[in-house]
2 protein chains.
Amino acid sequence: MKSKATSFDIAHMAGVSQSTVSRALSNSPLVNQETRDRIKQIAKDLNYKVDKNASNLRKQHSQTLALLLFEDPTSDDSLINPFFISMLGSITKATAAAGYDLLVSFQNLKDDWHAVYEDSNKADGLILLGYGSYTDYEYKLSQLEEQGTRFLRWGAPDEKHPGISIGCDNFLGGVLVTQHLVDIGHKSFAFIGDADESAPEFKARFDGFMSVIAESKLNADSVVQKDAISTESDGYNAAIEILNTGKPDAIVCASDLIAMGAIRAIRSLGFKVPRDVAVVGYDNIQISEFASTPLTTVHQNTQLAGELLVANLLKLINNEIVTDYLMPPELIIRQSCGRTT
Amino acid sequence: MKSKATSFDIAHMAGVSQSTVSRALSNSPLVNQETRDRIKQIAKDLNYKVDKNASNLRKQHSQTLALLLFEDPTSDDSLINPFFISMLGSITKATAAAGYDLLVSFQNLKDDWHAVYEDSNKADGLILLGYGSYTDYEYKLSQLEEQGTRFLRWGAPDEKHPGISIGCDNFLGGVLVTQHLVDIGHKSFAFIGDADESAPEFKARFDGFMSVIAESKLNADSVVQKDAISTESDGYNAAIEILNTGKPDAIVCASDLIAMGAIRAIRSLGFKVPRDVAVVGYDNIQISEFASTPLTTVHQNTQLAGELLVANLLKLINNEIVTDYLMPPELIIRQSCGRTT
DNA sequence: CTGAAAGCGCTTACAG
DNA sequence: CTGAAAGCGCTTACAG
């Protein structure tokens, strides 16, 4: 194992000063074209790469973005929400395309926030990604902001939270999917998913759902809502409870994972989807297409979302002005909602 | 935005030297318990964190591991193989648990290997994760090894490739799933998946498959094999080709994604799974359980794999001896293979 | 266009 | 147990 070459080694070989090597390698127009090429060739031959630690220390920035994933505390390892996975993929690519590195870390609700500060030190900016509220972190987020840490969060814009958010219009998504159910003739509805402050995305979906119920002059009082976080088993349990009290025409679920559980529950009681009960989800995760009954759901453009998140975080880092942004959701009609014609 | 505190600031406030601060914060037993506590308290109050760039530069290591994901060049963004996603999750956690950071980057076959070297500079060790062969990278891997870069790859142990590998016994997996099909009475078989040098994992699964065919005294000549990389569409196309020439009792697929495509193909021709044609996959990705016909498949313990990968890479970094390791696969029997009794 | 020098914020021998 | 000092490998004013 040979020790790594430094810029001094290159300088020595090229017969120039170390400063010139540094300039040449960073494509400074200050250095003579010819010299620059020669230095680059030598660097290439030696497989030399600039030491990032030294470079970053000197430049006082890291060329690194950190992605902080907030998981639901109950979800087990193997069940990372596929939606986030998809986001992870697009963020990774967008980051790389921008010439930045990506540090990924999972934040656990149980831990204290050590990791965030650590990461904020190693990264020029942070992307926060997670379902549910960042309410628990509000204080920490304020602290980050005070320190001058640049961060963006995925989710609903929210006056009460520090920081800028980029998200998908959950209210509109809830409207789209519920309106479709109404349009094709469903009359009675249930909703599965947390619908309080702790889960702003879910709540917005629920609000969209309720707004359609109200406008359609359906009996809002007959609507059942059951709490659930985004897991298959929560969906299952909530659906069982609902069906024990009565059978709605359609169940609107706050996520595809919940919908998968609801479908399993409906079947376990001997009903058929969508014949006896229609089910719709949210997220358009991969499973939803291949599911036993392909799921009608709401698609969020994760590709675009990743690009937006990275592009805007970079703007933030460059002290440009960034505002909240809400992407439009897209209704995906498959079989689980019933008669589509 | 206030500028960040440094160890000198802490030293000033604590009335000690900067060296002492550094020692206290790294829990050196050299410094007086009381002083240590006082310094730590101040650091906490100031929300001070050690500058990693400076620390790493000085210590000449990065406390960072890099995960290099090799994707099939054809797979589109949204379809990152769920198996890798699961690995990503477990690697992320294992890395964090070990007190390291994780840098994630997607290597694109089209690009040159710049990223690898970059990453090798920012990380103490590399984990290579991808389906298929690393043949194309063989030269680069040798170079990495020469430079003294520590790396581990996920996959089949392979004499011809540099580096140590940790993987799952693909041959045995192929045996398990095929033997089960034979046991429950299937007689004629097809295999979908690349079965040449370029895809060592798939080839090993195929070899396991063929060994069962041979031992079962079935007519090996009648076995059809069609190439496919791990995508739903490749699986679909390959299955269509197979069914156009004849209908085997069972199709063994080199991955779950391929199996999903095969099932779609079988249905599109009016056949039923498993009644007319049984299908089995490999990987036990999340979809396989929720699929229209739950998939019989082979499970690889990604949780363990991630831990093993990280633990062994850390050993490598500490100059301990590490050897190839092959994890046992586990057969998961669901409905797609037919009569299970 | 090029070089000598300072300094980014740490860790760790070295000396006491 | 503590401090003064060197140095990790760069980038970038500063001077020419």
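Letters go in sequence order (proteins before strands), and every chain restarts at 1. Heavy-atom basis, side chains included; hydrogens, waters and symmetry copies ignored.
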Seminar exercise, completed: Taking dA5(D), dC1(D), dA4(C) as options, the one with an atom nearest any side-chain atom of N32(B) is dC1(D)
Exercise. Nearest to the side chain of R23(B), which nucleotide is it out of dG3(C), dC10(C), dT12(C)?
Worked result: dT12(C)
Problem set entry | Rounded interatomic separation in angstrom, taking CG from L25(A) and P from dC10(D) | 9 Å
Exercise. Run the side-chain contact (heavy atoms from CB on, under 4.5 Å) check on N312(A) and I164(A) step by step: do they pass?
Worked result: CA-CA 10 Å; N312(A) 282 292; I164(A) 293 154; over 6 Å; no
Problem set entry | Under 4.0 angstrom between Q60(B) side-chain N/O and dG9(D) OP1 or OP2 | yes
Exercise. What interatomic distance, in whole Å, is found between C1' of dT12(D) and the corresponding atom of dG16(D)?
Worked result: 16 Å
Exercise. Whole Å only: how far is the CZ atom of F8(A) from the C1' atom of dA4(C)?
Worked result: 10 Å
For this session: Searching all strands shown, indicate the nucleotide that pairs with dA13(C) (Watson-Crick or G-U wobble; both distances under 3.5 Å).
Result: none
Seminar exercise, completed: Rounded to whole Å, CG of N56(B) lies from P of dG9(D) at a distance of 13 Å
Exercise. Is a side-chain N or O of T95(A) found less than 3.5 angstrom from the main chain of I91(A), in a donor-acceptor match?
Worked result: yes
Exercise. Should T20(A) be listed as having a side-chain N or O under 4.0 Å from OP1 or OP2 of dT2(C)?
Worked result: no
Exercise. Is the phosphate of dC10(D), meaning OP1 or OP2, less than 4.0 Å from a side-chain N or O of S55(A)?
Worked result: no
Problem set entry | side-chain N/O S19(B) vs dT2(D) OP1/OP2, d < 4.0 Å | no
Exercise. What is the distance, rounded to the nearest whole Å, between atom CZ of R36(B) and atom C1' of dC1(D)?
Worked result: 11 Å
For this session: Look at T35(A) and dT2(C) and indicate whether a side-chain polar atom (N or O) is within less than 4.0 Å of OP1 or OP2.
Result: yes
Exercise. How is S22(B) classified with respect to the nucleic acid when contacts are heavy atoms under 4.0 Å: base, sugar-phosphate, or nothing?
Worked result: base
For this session: Output, in order, the C-alpha distance, side-chain angles, deciding distance and verdict of side-chain contact (heavy atoms from CB on, under 4.5 Å) for M87(A) and L309(A).
Result: CA-CA 10 Å; M87(A) 288 291 286; L309(A) 244 13; 3.7 Å; yes
Problem set entry | Distance in angstrom units between N53(A) CG and dG9(D) P, rounded | 11 Å
Exercise. Does R38(A) use its side chain to pair, donor to acceptor, with the backbone of A14(A) at less than 3.5 Å?
Worked result: yes
For this session: Among dG9(C), dA5(D), dC10(D), find the nucleotide with the atom closest to the side chain of T6(B).
Result: dG9(C)
Seminar exercise, completed: Separation of dG7(C) atom C1' from L57(B) atom CG, nearest Å, is 12 Å
Exercise. Between dC1(C), dG3(C), dC10(C), which one does the side chain of V50(B) approach most closely?
Worked result: dC10(C)
For this session: Please determine, by modelled atom types, if D45(A) and Q41(A) share a side-chain donor-acceptor pair under 3.5 angstrom.
Result: yes
Exercise. Which part of the nucleic acid, if any, lies within reach of S26(A) when heavy atoms closer than 4.0 Å are counted: base, sugar-phosphate only, or nothing?
Worked result: nothing
Exercise. Who does dA4(C) pair with, Watson-Crick or G-U, both distances under 3.5 Å?
Worked result: none
Problem set entry | Contact under 4.0 Å: S7(B) side-chain N or O vs dC10(C) OP1/OP2 | yes
For this session: May I ask you to evaluate whether Y48(A) reaches the phosphate of dG9(D), defined as a side-chain N or O under 4.0 Å from OP1 or OP2?
Result: no
Exercise. Would you say R153(A)'s side chain and L128(A)'s backbone share a donor-acceptor pair under 3.5 angstrom?
Worked result: no
Problem set entry | Interatomic distance where NZ belongs to K52(B) and P belongs to dG9(D) [whole Å] | 20 Å
Exercise. Does S17(B) make a side-chain N or O approach to OP1 or OP2 of dA4(D) shorter than 4.0 Å?
Worked result: no
Problem set entry | Protein-nucleotide distance (Q18(A), atom CD; dG7(D), atom P), rounded to Å | 16 Å
For this session: Check every atom of dT12(D), dG3(C), dG9(C) against the side chain of K59(A) and return the nucleotide holding the closest atom.
Result: dT12(D)
